Amino acid sequence: MPAPTPSRRRVTRRAALRGLGAAGLLSALAGCGVPSAYVPEDRRAGADRSARERSLAFANWPMYIDTDAEDEERRPTLEAFTERTGIEVRYTEEINDNDEFFGKVGPALMNRQDTGHDLVVVSDWMAARFVRLGWAQAMDRARQPHVAAHLDPQLRSPAFDAGRLHTVPWQSGITGIAYNRRALGREIRSVADLWHPDLAGRVTLFSGLDESFALLMQGNGVDVTRWTEADFHRMCDRVEELVRRRHIRRFTGNDYTSDLGKGDVLACQAYSGDAVQLQADNPDIEFVVPEEGGELWAESLLVPNLARHKANAEALVDHYYVPEVAAELAAAVAYVCPVPAAREVLAASPDRETAELAENPLVFPDDAMRGRLAVARDVTAAERRTLAGRWNALVGM
């Protein structure tokens, strides 16, 4: 199995700064006489060609799948699916930013047209937008016995998609804190530890609203499964004060890994998947889920409206929930695996490094860590314009 390289993948997928472009797109289209964006459940399906066309179009983020060690154009888990089912997968790495992709497919979905995609992966906050608009089809769980049996219980019923009827996690991860233990000379155990005077000017936070807010609210003792706008503004008040005092060095995307690696910062908001690579390069780097809690997030698969090969797409989703397949993917990408049963598969590997992944709490969180993780309530469409406006103004200070 290929060695994990999580830091290469994060450039624009999870941490890209977003404005109001996608929301603006919807408003503009509605103003041009386009019918209401919402599509009722009974009008989402198209004529499914799966039986006669043994293929599907799958769009994903760059470097977010296993590849062959000798030939990076080959993807063993996809090849295994084709060999087993006879279904060819047209795999493209065309999703570089959630809003950018939404802007690309939004006009077709609003106009009740096929996007050309049978299966896509987007961050859960964007998946929430698809679900609210009625742009994601309900999957047939009768065709997905492995999803039903093996999906991580903690990811089974997010607020935006109760029961996971329309989405299935591709990979998951944790937002926490990474820091250089040797250079700092002390431990970090809570979000409040980031505001200690010895870290003045040596702390970074994520620039994206959806990436930042939950961990910062948790540091204020907020239950992020049911946070309020008042909670959000209290959090922003605190961050604004820290920005004015120049305690926060800057707001970042993926480049936080470079800042931490070079020593320009000593502590930062970070993703668990990146921490695996950071620790491999520098054993002084530690990743912590704060005592107050950390955010458990996912990036999920969904079938857009009018997809031409829905049954084939559902079969591929289920393929990735076979524990052996999930283990192979987990070994390649080193995110939190949404299939806990894959842990036993990795543990039995004759390869020492692969077997060690089974004991890595950043890939398979233990009970103690899981007790501090929460899936945050997402920002609703009605909230987004006001909250994103305040957050983006703060980031630009």
Side-chain angles (χ1 to χ4, degrees), residues 1-10 13-15 60-61 63-67 69 75-77 121 123-124 146-147 149-156 168-179 211 215 254 257 269-283 285-290 293-301 319-375:
M1 297 178 183
T5 56
S7 62
R8 297 170 56 203
R9 292 185 306 277
R10 191 68 72 178
R13 187 173 72 259
R14 178 78 185 166
N60 203 349
W61 300 78
M63 292 174 283
Y64 206 18
I65 198 169
D66 56 301
T67 57
R75 301 173 179 95
T77 56
V121 177
S123 298
D124 266 3
H146 294 100
V147 174
H150 298 302
L151 173 57
D152 188 336
Q154 205 162 7
L155 296 170
R156 283 183 180 267
V168 175
W170 171 248
Q171 293 292 282
S172 184
I174 302 166
T175 300
I177 297 169
Y179 69 104
E211 287 71 32
L215 184 76
N254 181 68
T257 59
Q269 279 189 310
Y271 301 118
S272 56
D274 288 337
V276 175
Q277 182 65 35
L278 287 167
Q279 291 167 340
D281 296 338
N282 183 349
I285 301 297
E286 296 194 19
F287 180 86
V288 61
V289 174
E295 182 193 8
L296 179 67
W297 49 263
E299 288 166 333
S300 289
L301 298 144
H319 170 72
Y320 279 100
Y321 275 74
V322 175
E324 290 76 12
V325 178
E328 188 169 359
L329 181 60
V333 301
Y335 284 94
V336 175
C337 181
V339 183
R343 180 177 183 175
E344 295 181 9
V345 178
L346 289 172
S349 172
D351 179 78
R352 181 178 59 82
E353 290 187 4
T354 299
E356 287 176 352
L357 284 176
E359 303 306 318
N360 189 329
L362 302 186
V363 181
F364 296 97
D366 56 26
D367 290 342
M369 182 177 287
R370 282 187 178 276
R372 302 202 307 278
L373 299 177
V375 178

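Computed from a prediction, not measured in an experiment: that's the story for all the values here.
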Where do [X] and [Y] come nearest, in terms of heavy atoms and distance?
X      : Y      : result
Ala275 : Leu362 : CB-CD1, 3.8 Å
Ile177 : Pro290 : CD1-CG, 3.8 Å
Ala334 : Val363 : O-CG2, 4.1 Å
Val339 : Phe364 : O-CE2, 3.8 Å

Distance in Å, [X] [atom1] paired with [Y] [atom2], rounded so as to fall on 0.5 Å steps:
X      : Y      : atom1 : atom2 : value
Ile285 : Asp274 : CD1   : CG    : 12.0 Å
Glu299 : Trp61  : CD    : CH2   : 6.5 Å
Glu353 : Leu357 : CD    : CG    : 8.5 Å
Asn360 : Cys337 : CG    : SG    : 12.0 Å
Asp152 : Ser172 : CG    : OG    : 7.0 Å
Glu344 : Glu324 : CD    : CD    : 10.0 Å

Side-chain heavy-atom pair [X], [Y] within 4.5 angstrom cut-off:
X      : Y      : result
Leu215 : Glu295 : no
Glu359 : Arg343 : yes
Tyr320 : Pro169 : no
Glu328 : Val345 : no
Leu278 : Phe287 : no
Gln171 : Leu329 : yes
Ile174 : Met369 : yes
Ser272 : Val336 : yes

So, [X] side chain and [Y] main chain: donor-acceptor pair closer than 3.5 Å or not?
X      : Y      : value
His150 : Ala342 : no
Arg372 : Val289 : yes
Trp170 : Asn60  : no
Arg156 : Leu151 : yes

Is it the case that the ring center of Trp297 lies less than 6.0 angstrom away from the ring center of Tyr271?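 Ring-ring flag for Tyr271/Trp297: true, centres closer than 6.0 Å.
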
Please check if the number of heavy atoms outside Asp366 that lie under 6.0 Å from its CG is greater than 12.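 Count over threshold, so yes.
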
With Gln279 via side-chain hydrogen bond (donor to acceptor under 3.5 Å, both in side chains) - residues at least two apart: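 Partners of Gln279 by the side-chain hydrogen bond (donor to acceptor under 3.5 Å, both in side chains) criterion come out as none, since no residue qualifies.
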
